Amino acid sequence: MDVIEEGIGRLFTDPDPDKAREFFRKKSRELKNKLTTVTDAVKTLLNDGDYFAIGGFGANRIPTAICHEILRQKKKNLAFAGHTSTHDFQILAAGKVFSKCDIAYIIGLEARGLSANARRYMESGEVEVTEWTNYAMAARLKAAAMGISFIPIRNMMGTDTFKYSASKKIKCPYTGDNYVLAPALYPDFAAIHVHEADVYGNCRIKGITIADLELARASKRLVITCERIISNDQIRNDPSLTVIPFYLVDAVCEVPYGSYPGNMPYEYFSDEEHLREWLTVEKDPEDLKKFLDKNIYGVKEFSEYVELNGGLKKMQELRDKEFLVKNKNAKK
Amino acid sequence: MDVIEEGIGRLFTDPDPDKAREFFRKKSRELKNKLTTVTDAVKTLLNDGDYFAIGGFGANRIPTAICHEILRQKKKNLAFAGHTSTHDFQILAAGKVFSKCDIAYIIGLEARGLSANARRYMESGEVEVTEWTNYAMAARLKAAAMGISFIPIRNMMGTDTFKYSASKKIKCPYTGDNYVLAPALYPDFAAIHVHEADVYGNCRIKGITIADLELARASKRLVITCERIISNDQIRNDPSLTVIPFYLVDAVCEVPYGSYPGNMPYEYFSDEEHLREWLTVEKDPEDLKKFLDKNIYGVKEFSEYVELNGGLKKMQELRDKEFLVKNKNAKK
Amino acid sequence: MADFNTMELMICTAARELEDGATVGVGTGAPCAAAMLSQKTTAPNLVIFFEAGGVAPMIPEMPISVGDSRTTWKANMAAGMAEVMETCCRGMVDYTFLGGAQIDMYGNLNSTRIGGDQQKPKVRLPGSGGANDFASFCWRMMVITAQDSRRFVERCEFITTPGYLTGGESRQTSGLPKGSGPYKIITNMAVMDFEPESKRMRISSINHGYSEKDVRDNCGFELLKAAKVSETPPPTAEALRLLREEIDPYKYIIGR
Amino acid sequence: MADFNTMELMICTAARELEDGATVGVGTGAPCAAAMLSQKTTAPNLVIFFEAGGVAPMIPEMPISVGDSRTTWKANMAAGMAEVMETCCRGMVDYTFLGGAQIDMYGNLNSTRIGGDQQKPKVRLPGSGGANDFASFCWRMMVITAQDSRRFVERCEFITTPGYLTGGESRQTSGLPKGSGPYKIITNMAVMDFEPESKRMRISSINHGYSEKDVRDNCGFELLKAAKVSETPPPTAEALRLLREEIDPYKYIIGR
């Protein structure tokens, strides 16, 4: 297979499916209770130097508790999938937990503006980067989920995004046209927040799934945080709703409001005030330090963080906002 | 991209995504009422010589009414995707509507035995064939659904299935390992039976989806038959349940019991007596002719076929069977 | 001149480019506002796709994120990123609206970095996100951006997202889907399109109150000019009302 | 000798090969019956995958099709074909059980055609279905088939499904996933496995009531022999009861 052109970026993970198969061969397939705490899940499943990814879309359906815990446990030299990452990236950059990064979208919080601290970190030279696009990263996870080493895609061609990626360009033997090959990405660790899971790890998600179904399948170790635990009977009563099956999952943690301050579709909207506070304190490293000490390093677990920022009263407001209770344009 | 080895089978469709894109560019994306009859859908959307595919899994969630109508309209020289096909294949072979066939699984009805007539047809030399596997066919549809010309797969290697396929073998530029490339399959026409659809074509399916989600996306023209029409409001109230979106769909037909004599999960079980009758009459071409005249050629529309074979009373029995009303081993 | 700001002007101009029954992939901000306005005016059957998975929603208010709940409010489907991008790649999505820190004469965009080098940039920007994807797969790419010679540059420091690459046939021969490419560039001063052979940017219409000289003075490369350059119609009062009252009442976008 | 038929014997023998907590991809018929029996005896946590999409159901009675409702009865997930096959391809599925019209000394299977040629076969068979897929992707492939020299042939007329291909390292060098391949061949007379170097089939244990000569007389190629050949344990009374009363009360499979 002749390579016409290839990116100069580094590939941070091995795309070889036979090596992944050796791992998956030994992974438990048992239907067993995997309920644990966020602290223990991060302690036992994420190692310094691992390649990891975070589910959701930046500030939507993200496993915030896991991100905070990664900071508290001072994990280091991680490689991160900067894919549809916004607030999660902001948290992780604040802890400087990663030193390598695949980039599709980083440092921004979409319409909210840019994270000053994440930007400083990415301009410091401390993080080695390889460029991709959102779909290229989704395709890389998809290749891994399919158990193959690459997937052909039709983007990135002709751009510097390709040049600084670790992809290769070849000609299709059927049509003679050029394709970029997205190499499979098998993260060592991933965390995904879902609406409902049983203790075995069977998961349900409402609303968009982003790249999480691919991510769950591609990852060697997977932690699920969920708004609510449901019974395995409920799962079995409607197996069509299971989007992540139990055998992919290593740990299940019940974390109500677990996407806060992000949006959880059909549950609560994002806390825009608190996210603005993040963006504001980041302008001054000292302010950020105090903020992190208060909100992350100084708390034991995620529920304290929720309490610190308004607790159940705030959560009710965010639920009202999610359901557009006060929006006159929304047809109910 | 060096081809190490390639199959000698013929590729019945063009895998070029740019040609498919030209078609899809002109396809309507409008949210408009697409309700029509099975007769009109087959008349206007399926042309002699087309490549077509049937959703479901042989005798499970199949659009039986469409298969019958294809016979009644005496379509000819079609090319067929013999993928997870059993009772649908049996019907279509009885009408000799296709003269080319991609084969993954044909002529059998799984544990029920083989179709004598379909076997005769496939041994007659009248049908040109290319070999594949179930997953290879699913991968071909997946490639088309992704808008690319091929997907790498790790099966078929070293076998005659590969030799008589139209796939090519190459080396992965990342790992140096061999892969078979499954060429994209863009059917001209497909029919899929679902539980619920709105008049625009937004569809819901309960239970397994087999390769239908890929098929719906890969196909140029798509007819949906459904057990029940539901309102667009219902669709919009839970968009997570939409698995086939409206813009893929050209026609929607409400056909209650539309998978009969096949199984429709959560609705009715297969009619094993009637399927046995099919297998029995096929042993003698004269018996088969009479049977087809009575059940297909002699009826105007699908509901007559259901009436001929027991009508609502039979349907109720099959519903009872589906829900294991009389099975003592099934935990309710 | 009527009473509207630069952002309002650009959004109203962009909204007119979408025809009824078309499909469009949009990002947050001006692109989404333009699509919403188009739906409420000339293109009620416009089908909107969000890269995170929202398909054909009834957007009740400006989304803050392309993945937030507003993008699936009363949607026809809530899917995933691959679903949306692959629908684009199959050729089912007609338009996309993008932005960027830099744009060159072939419509290439930079949203990755300015200054420094790859491993230590002077100014790091977010990167492609879904921009390279949408621009590669959708038939017609449009850009909404302010006319400014620091944005309209001779050469992007980093090509994040493909326009016509180096012009001529280069986009197609690179392997990007045939027939796709930049279509319109919408600024506060003008609307630009692309000369069919060279694929270089050219002035197509100039906004009321601006001259050709204004446009050229605020562009860092030589612009070609269409055979006929018209005046871009100004926003209608109704479009402005919809934009201000229904689409962006909190001025997330039009207050910038 | 206890009172059981050939099919019952093979199913009971096969069921013992699956360990608790393992995953298995099964087809209809004997493979499914074996997996169900295994679940009710030695491997209650056996996870069963059906190629059409059913994952880890509580199978209430013999499915007639690998895609019928029985395959998702109280299942943990109802997915699709790609989901199941890709789970196998990722290395998450330990075993598969298959059948075939012909099998050779390397465990290659024919279920495509016998006689004639490709475009006009004398006897057309169904083709691969998911057999080639499961045999390529799952770690250990097992076959349940009657011992008969018309089935155990020197050379399959058509290799539908890969075993060890031409033996030795040929399976791995072909590109099939490393470390996967045929594991046990279960017949009414014996259990065969494969010699580690040559990858040729060899007698591993002989069923009660049969001799090595019986096995060889009913095999069309030369069988190797393991260093120690044991006697295959006969079905237990409890296994037979479960098979007859709970798994296949209508004798769809065991009545053949």
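These numbers were taken from a predicted model, which means no experiment stands behind them. Chain letters run A, B, ... following the sequence lines, proteins first and then strands; every chain starts at 1.
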*Given that the side chain runs from C-beta out, which part of A/Ala138 has a heavy atom under 4.5 Å from chain C: side chain, backbone, both or neither?*
side chain

_If you count heavy atoms of other groups shown closer than 6.0 angstrom to CD of C/Glu238, is the number above 12?_
yes

*chain A interface, residue from C/Cys156, C/Pro121, C/Gly67 that has the most non-hydrogen pairs under 4.5 Å*: C/Gly67

*Of all of C/Gly27, C/Ser65, C/Pro63, C/Gly80, which one pairs up most often with chain A through heavy atoms under 4.5 Å apart?*
C/Ser65

*asked:* Need one label for C/Val55: side chain, backbone, both or neither, based on atoms under 4.5 Å from any heavy atom in chain A.
replied: neither

*Do any of residues 111-119 of chain C come closer than 4.5 Å to chain A, heavy atom to heavy atom, and if so which ones, in number order?*
C/Thr112, C/Arg113, C/Gln118, C/Gln119

*Which bit of A/Lys169 comes within less than 4.5 Å of chain C, counting heavy atoms only: side chain, backbone, both or neither?*
side chain

_Which heavy atom of A/Arg154 sits nearest to which heavy atom of C/Pro177, and what is that distance?_
NH2-CA, 3.6 Å

_Greatest number of heavy atom pairs closer than 4.5 Å to chain C - which of A/Val129, A/Asp212, A/Leu109_ = A/Val129

*Against chain C, label A/Leu114 side chain, backbone, both or neither, depending on which of its atoms sit under 4.5 Å from a heavy atom there.*
side chain

*Between A/Ile107 and chain C, which part of the residue has a heavy atom less than 4.5 Å away: side chain, backbone, both or neither?*
side chain

*If contact means a heavy atom pair closer than 4.5 Å, which residues of residues 125-135 of chain C contact chain A?*
C/Leu125, C/Pro126, C/Gly127, C/Ser128, C/Gly129, C/Gly130, C/Asn132, C/Asp133

*To the nearest 0.5 Å, tell me how far A/Met157 CE sits from C/Ser136 OG.*
7.0 Å

_What I'd like to find out is whether the side chain of C/Met81 reaches to under 4.5 Å of the side chain of A/Ile208, using heavy atoms alone._
no

*Straight-line distance of C/Thr71 OG1 to A/Asn263 CG, nearest 0.5 Å*: 8.5 Å

*For A/Glu123 and C/Lys120, indicate whether the former's side chain and the latter's backbone hold a donor-acceptor pair under 3.5 Å.*
no

*Output the residues of residues 85-95 of chain C for which the shortest heavy-atom distance to chain A is under 4.5 Å, in residue-number order; output 'none' if no such residue exists.*
C/Met85, C/Glu86, C/Cys89

*asked:* Just verifying a value: how many Å separate A/Phe57 CZ and C/Phe50 CZ, rounded to the nearest 0.5 Å?
replied: 10.5 Å

*Part of A/Val180 lying under 4.5 Å from any heavy atom of chain C*: neither

*Would you say A/Asn60's side chain and C/Ser69's backbone share a donor-acceptor pair under 3.5 angstrom?*
no

*Side-chain contact test, heavy atoms from C-beta onward, threshold under 4.5 Å: evaluate it for C/Glu83 versus A/Thr209 and give yes or no.*
no

_Keeping C/Arg70 on the side-chain end and A/Glu322 on the backbone end, is there a donor-acceptor pair under 3.5 Å?_
yes

*Are more than 12 heavy atoms from other residues, nucleotides or ligands located less than 6.0 Å from atom NZ of A/Lys163?*
no

*Does any heavy atom of chain A fall under 4.5 Å from the side chain of C/Val123, the backbone, both, or neither of them?*
both

*Taking everything shown except C/Arg244 itself, do over 12 heavy atoms lie less than 6.0 Å from its CZ?*
yes

*In terms of heavy-atom proximity below 4.5 Å to chain C, should A/Thr159 be classed as side chain, backbone, both, or neither?*
both

*Greater than 12 external heavy atoms within 6.0 Å of A/Lys321's NZ*: yes

*chain C: which of A/Phe89, A/Tyr266, A/Tyr179, A/Tyr105 shares the most heavy-atom pairs with it under 4.5 Å?*
A/Tyr105

*Measuring heavy-atom distances to chain C, does A/Glu126 have an atom under 4.5 Å in its side chain, in its backbone, in both, or in neither?*
neither

*Salt-bridge contact C/Arg124-A/Glu131 (side-chain N to carboxylate O under 4.0 Å)*: yes

*Relative to chain C, which of A/Leu213, A/Ile4, A/Asn155, A/Ile153 shows the most heavy atom pairs under 4.5 Å?*
A/Asn155

*Drop me the distance from A/Asp160's CG to C/Glu157's CD, to the nearest 0.5 angstrom.*
10.5 Å

*Just checking heavy atoms, which of residues 158-176 of chain C are less than 4.5 Å from chain A?*
C/Phe158, C/Ile159, C/Thr160, C/Thr161, C/Pro162, C/Leu165, C/Thr173, C/Ser174, C/Gly175, C/Leu176

*Under the side chain to side chain contact (heavy atoms under 4.5 Å, CB included) criterion, do C/Ile64 and A/Phe269 qualify, and how do the steps go?*
CA-CA 11 Å; C/Ile64 303 169; A/Phe269 203 67; 3.8 Å; yes

*Please say whether more than 12 non-hydrogen atoms of neighbouring residues, nucleotides or ligands are located less than 6.0 Å from CZ in C/Arg155.*
no

*asked:* Which atoms of A/Ser124 are under 4.5 Å from chain C, going by heavy atoms: the side chain, the backbone, both sets, or neither?
replied: backbone

*Side-chain contact, heavy-atom cut-off 4.5 Å: C/Glu51 with A/Tyr135?*
no

*Side chain, backbone, both or neither: which part of A/Ala136 has a heavy atom under 4.5 Å from chain C?*
backbone

*Given that the side chain runs from C-beta out, which part of C/Thr28 has a heavy atom under 4.5 Å from chain A: side chain, backbone, both or neither?*
side chain

*Go through the atoms of C/Ala79 and report whether side chain, backbone, both or neither lie under 4.5 Å from a heavy atom of chain A.*
backbone

_Proximal component of A/Glu272, with respect to chain C [non-hydrogen, under 4.5 Å]_ = side chain

*When heavy-atom pairs shorter than 4.5 Å are enumerated against chain C, which of A/Thr133, A/Val127, A/Ile103 gives the highest number?*
A/Thr133

